[in-house]
A.B. asks: 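If you scroll down you'll find the structure; I have some questions about it.
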Amino acid sequence: MKKILKIFGILFILLFPMTSCLDDDYSGKPLYYFYDEPVVVNSMGEHPIIRNESALFYVPELAGNTSLKEGDLLWTSFIVNSDDGEQPDIADATLFTARNFRYKTVDSVKVIIPADAAAFQSYLADDYSAPIESSVLYNYTIDNLLFFGLMQRDRSNQLIHTYELILNPEIEVGSNSCPTLYIRSKPLNVPEANSGKAYSKDGAVFAFDVTDFVNYYRETISSTDKIRFNLKYKTDVDGNGNDVYRAFMSNPIAWNFK
């Protein structure tokens, strides 16, 4: 079974499979369990379809759902019976049927590509100033989306946070000649309990659309499919009022964007 690689700011380890297989159900047919699975809503309506990074799934339980729309990001769990006979009649599509479907929504924003070093510094002085305790990058790439688990240092206010990802247009000393991206955070006036947003054991789940960064990299650095970059996230402010950033120990990260 496919495994998930989590890339930590503190630790880099290989974890348990995201999908697991029971050898047999009561009828002797294989069952597949998906959990903590990011997906994109492919289409809604009479035959709702979602997709992960490798397959399409028909979700009968979403029929009649009026809150989701095409392009929404979800953090899900569901079961697939490989011998499930319920399939919509859709030409040129190989579908699996997802059952016991559970989901929370995932917010996303586009990466910021500053024009120069001065513009980059101005972004670092904006109101995305809440310290982040830990940051985890999940090994999924859907439509150039990177999915993170983000734990805030101050969790006493129980508010959801939004995030930004900013490229430093200058190659930094000690960066292995790779570009560096900065993650920053700010709270929103929305209680976590009422948000309907996705959380994992790693914190709030959030996605960044890095399409613009991929294009920038291939135009200015290298045209290869595999892209190498560094990640840093704000953890604190020092005694002089300067932001403190922690680099991922797995830097530089090599990522294959298709």
Side-chain angles (χ1 to χ4, degrees), residues 6-13 106-138 145-192 195 197 199-214 216-217 220-221 227-255:
K6 288 189 174 183
I7 304 174
F8 288 79
I10 303 171
L11 188 62
F12 187 105
I13 59 176
V106 176
D107 285 337
S108 69
V109 296
K110 290 186 175 184
V111 65
I112 298 170
I113 311 292
D116 51 32
F120 169 68
Q121 291 299 326
S122 70
Y123 279 109
L124 295 189
D126 64 14
D127 59 349
Y128 284 72
S129 57
I132 301 170
E133 181 176 306
S134 63
S135 180
V136 175
L137 172 60
Y138 298 102
L145 292 162
L146 296 181
F147 291 86
F148 287 81
L150 296 148
M151 187 79 71
Q152 296 300 137
R153 182 173 297 280
D154 179 13
R155 297 189 289 276
S156 61
N157 58 19
Q158 297 296 303
L159 297 177
I160 67 168
H161 286 67
T162 188
Y163 299 88
E164 63 182 8
L165 183 68
I166 310 164
L167 169 70
N168 183 354
E170 295 189 340
I171 300 298
E172 300 177 2
V173 175
S175 65
N176 293 290
S177 300
C178 300
T180 302
L181 296 157
Y182 286 71
I183 303 171
R184 291 169 57 82
S185 164
K186 76 172 179 179
L188 300 176
N189 192 25
V190 179
E192 289 180 0
S195 68
K197 302 301 180 185
Y199 286 83
S200 72
K201 67 182 182 63
D202 304 305
V205 179
F206 199 87
F208 294 107
D209 181 345
V210 296
T211 301
D212 291 343
F213 170 64
V214 172
Y216 171 91
Y217 188 99
T220 64
I221 299 174
I227 289 175
R228 291 165 59 84
F229 58 93
N230 301 294
L231 285 171
K232 293 182 179 181
Y233 58 97
K234 179 181 174 179
T235 61
D236 212 338
V237 177
D238 66 19
N240 296 320
N242 299 314
D243 289 343
V244 177
Y245 289 89
R246 177 180 293 160
F248 277 47
M249 289 186 67
S250 47
N251 286 341
I253 297 164
W255 206 268

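For the numbers below, each heavy atom of this structure counts, side chains included, while hydrogens, waters and symmetry mates do not.
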A.B. asks: Calculate, to the nearest 0.5 Å, the distance between atoms CD1 and OG belonging to I221 and S177 respectively.
C.D. replies: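 Those atoms lie 9.5 Å apart.
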A.B. asks: For R184 and L124, indicate whether the former's side chain and the latter's backbone hold a donor-acceptor pair under 3.5 Å.
C.D. replies: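 Yes; at least one donor-acceptor contact below 3.5 Å.
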A.B. asks: Between N240 (side chain) and N242 (backbone), is there a donor-acceptor pair under 3.5 Å?
C.D. replies: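 No: the side chain of N240 does not pair with the backbone of N242.
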A.B. asks: With a sphere of 6.0 Å drawn around CD of E170, does it hold more than 12 non-hydrogen atoms of other residues, nucleotides or ligands?
C.D. replies: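 No, the 6.0 Å shell around CD holds no more than 12 heavy atoms from other groups.
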A.B. asks: Would you say P187 and I160 make side-chain contact, with heavy atoms under 4.5 Å?
C.D. replies: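 Result no, sub-4.5 Å side-chain heavy-atom pair not found.
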A.B. asks: What verdict does the ring-ring contact (aromatic ring centres under 6.0 Å, His included) test give for Y163 and F208, after you've listed the backbone C-alpha separation in whole Å, the side-chain angles of each residue and the deciding distance to 0.1 Å?
C.D. replies: CA-CA 9 Å; Y163 299 88; F208 294 107; 7.0 Å; no
A.B. asks: Got more than 12 heavy atoms from elsewhere within 6.0 Å of OH, Y123?
C.D. replies: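 Incorrect, the count does not exceed 12.
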A.B. asks: In Å and rounded to the nearest 0.5 Å, what is the CD1 to OG1 distance from I171 to T180?
C.D. replies: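 It is 6.5 Å, given to the nearest 0.5 Å.
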A.B. asks: For S134 and D202, which heavy atoms make the closest approach, and how far apart are they?
C.D. replies: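 In this case the closest contact between S134 and D202 is OG-O, 4.5 Å.
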A.B. asks: Taking the side chain from N230 and the backbone from S175, do they hold a donor-acceptor pair closer than 3.5 Å?
C.D. replies: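 Judged by distance alone, yes, a pair lies under 3.5 Å.
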A.B. asks: Run the ring-ring contact (aromatic ring centres under 6.0 Å, His included) check on Y233 and F248 step by step: do they pass?
C.D. replies: CA-CA 8 Å; Y233 58 97; F248 277 47; 5.7 Å; yes
A.B. asks: Rounded to the nearest 0.5 Å, how far does SG of C178 lie from CD1 of I253?
C.D. replies: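 With rounding to 0.5 Å, CD1 (I253) is 10.0 Å from SG (C178).
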A.B. asks: For D126 and Y128, indicate whether the former's side chain and the latter's backbone hold a donor-acceptor pair under 3.5 Å.
C.D. replies: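 Present.
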A.B. asks: With rounding to the nearest 0.5 angstrom, report the OG to CG distance, S250 to L137.
C.D. replies: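 Answer for the OG-CG pair, S250 versus L137, is 7.5 Å.
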A.B. asks: What's the verdict on side chain to side chain contact (heavy atoms under 4.5 Å, CB included) for I227 and V214, showing C-alpha distance, side-chain angles and the deciding distance?
C.D. replies: CA-CA 8 Å; I227 289 175; V214 172; 3.8 Å; yes
A.B. asks: For residues P114 and I166, report the shortest heavy-atom separation together with the two atoms involved.
C.D. replies: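 That would be CG-CG2, 3.8 Å.
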A.B. asks: Do you know the tightest heavy-atom contact between V111 and V210?
C.D. replies: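 V111 and V210 have their closest heavy atoms at CG1-CA, 3.9 Å.
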A.B. asks: Hey, is CG on D127 packed in by over 12 heavy atoms from elsewhere, all under 6.0 Å?
C.D. replies: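 More than 12 within 6.0 Å, yes.
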A.B. asks: Take K234 and S185, measure what side chain to side chain contact (heavy atoms under 4.5 Å, CB included) needs, and give me the verdict at the end.
C.D. replies: CA-CA 8 Å; K234 179 181 174 179; S185 164; over 6 Å; no
A.B. asks: Go through the steps for Y199 and E192 under the test side chain to side chain contact (heavy atoms under 4.5 Å, CB included), then give the verdict.
C.D. replies: CA-CA 9 Å; Y199 286 83; E192 289 180 0; 3.2 Å; yes
A.B. asks: Side-chain contact, heavy-atom cut-off 4.5 Å: F206 with I183?
C.D. replies: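 Counting from C-beta outward, F206 and I183 never come under 4.5 Å.
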A.B. asks: Are any of the side-chain heavy atoms of L150 and H161 separated by less than 4.5 Å?
C.D. replies: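 L150 vs H161: side chains apart.
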A.B. asks: Please round to the nearest 0.5 Å and tell me the distance separating atom CZ of R228 and atom CG of N251.
C.D. replies: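 Interatomic distance, R228 CZ to N251 CG, rounded to 0.5 Å: 10.0 Å.
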A.B. asks: Shortest non-hydrogen contact from V237 to V244?
C.D. replies: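 Residues V237 and V244, closest heavy atoms: C-CG2, 4.1 Å.
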A.B. asks: Taking all non-hydrogen atoms of both residues, which atom of N176 and which atom of P252 are closest, and how far apart?
C.D. replies: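 Result for this residue pair: ND2-CD, 3.4 Å.
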A.B. asks: Hey, are the side chains of K110 and T211 touching, using non-hydrogen atoms and a 4.5 Å cut-off?
C.D. replies: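 Answer no - side chains too far apart.
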A.B. asks: If you compare all heavy atoms of L145 against all heavy atoms of F147, which two are closest, and at what distance to 0.1 Å?
C.D. replies: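 The pair with the smallest heavy-atom distance is CB-CE1, 3.9 Å.
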A.B. asks: Are the side chain of D236 and the backbone of P131 linked by a donor-acceptor contact shorter than 3.5 Å?
C.D. replies: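 No; zero donor-acceptor contacts below 3.5 Å.
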A.B. asks: Take F148 and L231, measure what side chain to side chain contact (heavy atoms under 4.5 Å, CB included) needs, and give me the verdict at the end.
C.D. replies: CA-CA 12 Å; F148 287 81; L231 285 171; 3.8 Å; yes
A.B. asks: Check whether any side-chain heavy atom of I132 sits under 4.5 Å from a side-chain heavy atom of Q152, and report yes or no.
C.D. replies: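 Result yes, sub-4.5 Å side-chain heavy-atom pair found.
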A.B. asks: Atom CG of D107 and atom NZ of K197: how far apart are they, to the nearest 0.5 Å?
C.D. replies: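 The CG atom of D107 sits 3.5 Å away from the NZ atom of K197.
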A.B. asks: Would you say the side chain of S200 lies within less than 4.5 Å of the side chain of V205, judging by non-hydrogen atoms?
C.D. replies: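 Yes; the side chains approach each other to less than 4.5 Å.
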A.B. asks: Classify the angle between the aromatic ring planes of F213 and F229 as parallel (below 30°), tilted (30 to 60°) or perpendicular (above 60°).
C.D. replies: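 Ring orientation, 0 to 90° scale: perpendicular.
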